[in-house]
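We name chains A, B, ... by the order of the sequence lines, and we start the count at 1 in each one.
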2 protein chains.
Amino acid sequence: MSILTENWEERLKEQGYRITKSRRTVLEVLEASPIRLTPEEIYRRARRRHRKLGLVTVYRTLALLEKLNLVQRVHTEAGCRSLTAVRLDKGHHHHLVCRTCGYVEEFPDCALGSVLRKLQARTGFAIESHHLEVVGRCPKCQ
Amino acid sequence: MSILTENWEERLKEQGYRITKSRRTVLEVLEASPIRLTPEEIYRRARRRHRKLGLVTVYRTLALLEKLNLVQRVHTEAGCRSLTAVRLDKGHHHHLVCRTCGYVEEFPDCALGSVLRKLQARTGFAIESHHLEVVGRCPKCQ
DNA sequence: CTATAACTGAAAATTTTTTTCAATAAGGAG
DNA sequence: CTCCTTATTGAAAAAAATTTTCAGTTATAG
Ligand SMILES: [Zn+2]
Ligand SMILES: [Zn+2]
Ligand SMILES: [Zn+2]
Ligand SMILES: [Zn+2]
């Protein structure tokens with residue numbers, strides 16, 4: 001069992017949510033996929049394991065998982081509909097995404113600390129979070 | 001006349017596009033707004049100046065302006081529908097966005113060069129671009 | 001096992017975006 | 001300036017994406 005599955009049930013339970021077949025299946029699909037997936041794609045894959053699953057439930061589940069930070073949206077010029085499982089269970093990280101095949105790799109390096117501090121001082125903003133996404137072509141797609 | 005309006009006509013003409021009332025109005029609306037706007041919001045504001053404008057044209061114009069890099073999408077957890085004018089006409093920059101009111105400020109600092117080079121070496125990706133967005137609360141909204 | 005409240009699927013509704021197509025208007029040629 | 005060509009536009013319709021509703025189902029505490 002992976003880092004994610006060790007923890008996601010706990011995280012749901014902590015917050016009073018139930019562990020259901022739909023949630024388990026959606027999460028398994030995302031976890032098993034090296035590439036980002038749209039709700040529709042998740043639905044198609046998940047139905048292979050859970051026939052009666054409805055697309056609505058996929059949407060609802062994704063919203064929940066996103067709220068609990070178990071799943072994250074991948075933003076691209078082409079649209080921001082697809083999602084990816086959060087693999088490093090703890091700690092700050094960002095995504096490196098392949099423009100061609102959608103392969104997602106997490107990376108922990110984030111040299112933004114001092115830049116953000118300066119930015120905060122200069123602008124008067126109370127900086128709360130940041131989102132970084134790096135786009136390129138993976139070794140296979142070059 | 002602002003930096004933007006000095007240049008956008010040229011950029012369109014260079015590429016063989018025409019300067020139309022719709023395009024002018026959409027751009028003026030975005031340029032005049034300190035906050036990010038959705039296509040719908042742009043449409044409502046633009047219609048005050050250009051009565052017969054259609055929402056379809058707003059969509060089409062935004063797609064074009066985005067392609068020409070005169071306008072940029074703002075990504076947030078709540079959705080990625082809104083846009084903002086690109087104010088620094090040249091050079092690499094990112095956005096600082098207020099979570100509450102949507103105020104957008106551009107900033108040129110980007111300390112990612114070396115991080116990205118290392119990332120490229122380590123992962124084998126051919127890195128092509130990156131997107132950074134910093135979220136917080138602006139001075140007014142704190 | 002039972003009670004109960006969370007969860008689900010199907011259908012419908014809503015929202016967002018794109019396509020189609022006839023009418024209009026920008027901009028170059030004269 | 002006027003004419004011509006072709007890009008552009010608006011309205012309506014279609015398509016796509018997402019959310020709501022609601023009655024039936026199921027997870028889980030006790
Ligand atoms: Zn986005
Ligand atoms: Zn790839
Ligand atoms: Zn603000
Ligand atoms: Zn940068």
Side-chain angles (χ1 to χ4, degrees), chain A residues 5 8-30 36-68 70-71 73-83, chain B residues 5 8-30 36-68 70-71 73-83:
Chain A
T5 34
W8 73 271
E9 298 200 0
E10 282 169 31
R11 206 176 292 191
L12 253 70
K13 278 181 178 164
E14 273 169 18
Q15 313 279 357
Y17 296 105
R18 292 179 179 177
I19 310 302
T20 68
K21 192 175 177 186
S22 306
R23 286 169 182 169
R24 203 190 325 270
T25 312
V26 167
L27 209 38
E28 279 170 5
V29 164
L30 271 164
R36 56 182 198 170
L37 300 172
T38 62
E40 189 66 40
E41 289 165 337
I42 293 165
Y43 174 60
R44 279 203 296 274
R45 295 183 184 207
R47 281 242 287 205
R48 301 206 281 252
R49 299 170 171 217
H50 176 7
R51 277 305 158 66
K52 293 192 291 183
L53 180 67
L55 179 57
V56 208
T57 300
V58 173
Y59 273 101
R60 282 189 287 227
T61 301
L62 291 174
L64 175 63
L65 297 178
E66 207 179 342
K67 191 172 75 173
L68 298 181
L70 293 167
V71 144
R73 197 163 287 272
V74 175
H75 301 265
T76 70
E77 325 77 66
C80 305
R81 261 169 238 122
S82 47
L83 299 132
Chain B
T5 33
W8 72 270
E9 298 201 359
E10 282 169 31
R11 205 174 295 190
L12 252 70
K13 278 182 180 164
E14 274 169 18
Q15 314 279 355
Y17 296 105
R18 293 178 179 177
I19 310 302
T20 69
K21 192 175 177 187
S22 305
R23 286 169 182 168
R24 205 190 323 272
T25 313
V26 167
L27 209 37
E28 279 170 7
V29 164
L30 270 165
R36 58 185 194 168
L37 299 172
T38 63
E40 190 66 39
E41 289 165 339
I42 293 165
Y43 174 59
R44 280 203 296 274
R45 295 183 185 207
R47 281 241 288 205
R48 300 206 281 253
R49 300 169 171 216
H50 176 7
R51 276 306 159 67
K52 292 192 291 181
L53 180 67
L55 178 58
V56 207
T57 300
V58 173
Y59 272 100
R60 282 190 286 228
T61 301
L62 291 174
L64 176 62
L65 297 178
E66 207 180 339
K67 191 170 77 174
L68 297 181
L70 293 167
V71 143
R73 195 163 289 272
V74 176
H75 301 265
T76 70
E77 325 77 66
C80 304
R81 260 167 240 124
S82 46
L83 299 131

#### Entry: Heavy-atom side-chain contact between B:Val71 and B:Leu27 under 4.5 Å
yes
### Rounded distance (nearest 0.5 Å) linking atom CD of B:Glu41 with atom CG of B:Leu30
10.0 Å
### Message
Measure CG/B:Leu55 against P/D:dA12 and give the value in whole Å, please.
### Response
13 Å
### Task
Please report the shortest heavy-atom distance between A:Leu68 and A:Arg11, naming the atom on each side.
O-NH1, 2.9 Å
### Query
Given side chains that start at C-beta, do those of B:Ser82 and B:Thr38 come closer than 4.5 Å, heavy atoms only?
yes
### Summary
Between A:Pro39 and A:Arg81 the two heavy atoms that sit nearest each other are CD-O, 3.5 Å
Please tabulate, for the side chains in residues 15-24 of chain A, all donor-acceptor contacts under 3.5 angstrom to protein atoms that are two or more places apart in sequence or on a different chain.
from	atom 1	to	atom 2	distance (Å)
A:Tyr17	OH	A:Lys67	NZ	2.8
A:Thr20	OG1	A:Arg23	N	3.3
A:Arg23	NH1	A:Arg18	O	2.8
A:Arg24	NH1	A:Glu9	OE2	3.4

### Query
Given axes from five pairs at either end, by how many degrees does the helix from C:dC1-D:dG30 to C:dG30-D:dC1 bend, rounded to 10°?
50°
### Summary
Note: contacts of residues 11-19 of chain B with DNA chain D (heavy atom, under 4.0 Å) are B:Tyr17, B:Arg18
### Criterion side-chain contact (heavy atoms from CB on, under 4.5 Å) on A:Leu12 and A:Leu70, from CA distance to verdict
CA-CA 10 Å; A:Leu12 253 70; A:Leu70 293 167; 3.9 Å; yes
### d(OH, A:Tyr59; P, D:dT21) in whole Å
18 Å
## Note on the structure
Sorted by position of nearest nucleotide on DNA chain C, 5' first, the leading residue of A:Val56 and A:Leu64 is A:Leu64
### Close approaches to DNA chain C from residues 39-54 of chain A, in residue order (heavy atom, under 4.0 Å)
A:His50, A:Lys52, A:Leu53, A:Gly54
### Query
Reckon A:Arg23 touches a base, only the sugar-phosphate, or nothing at all at heavy-atom distances under 4.0 Å?
sugar-phosphate
For residues 46-62 of chain A, run the donor-acceptor check on the side chains, cut-off 3.5 Å, and write out each pair with its distance to 0.1 Å, sequence neighbours left out.
from	atom 1	to	atom 2	distance (Å)
A:Arg47	NH1	A:Tyr43	OH	2.9
A:Arg49	NH1	A:Glu28	OE1	2.4
A:Thr61	OG1	A:Thr57	O	2.7

### Task
Give me the first and last nucleotide of DNA chain C, going 5' to 3', that has any atom under 4.0 Å from a heavy atom of chain B.
C:dT16 to C:dG27
### Summary
Closest heavy-atom pair, A:Val26 versus A:Ile42, reported as atoms and distance to 0.1 Å, is CG1-CG2, 4.0 Å
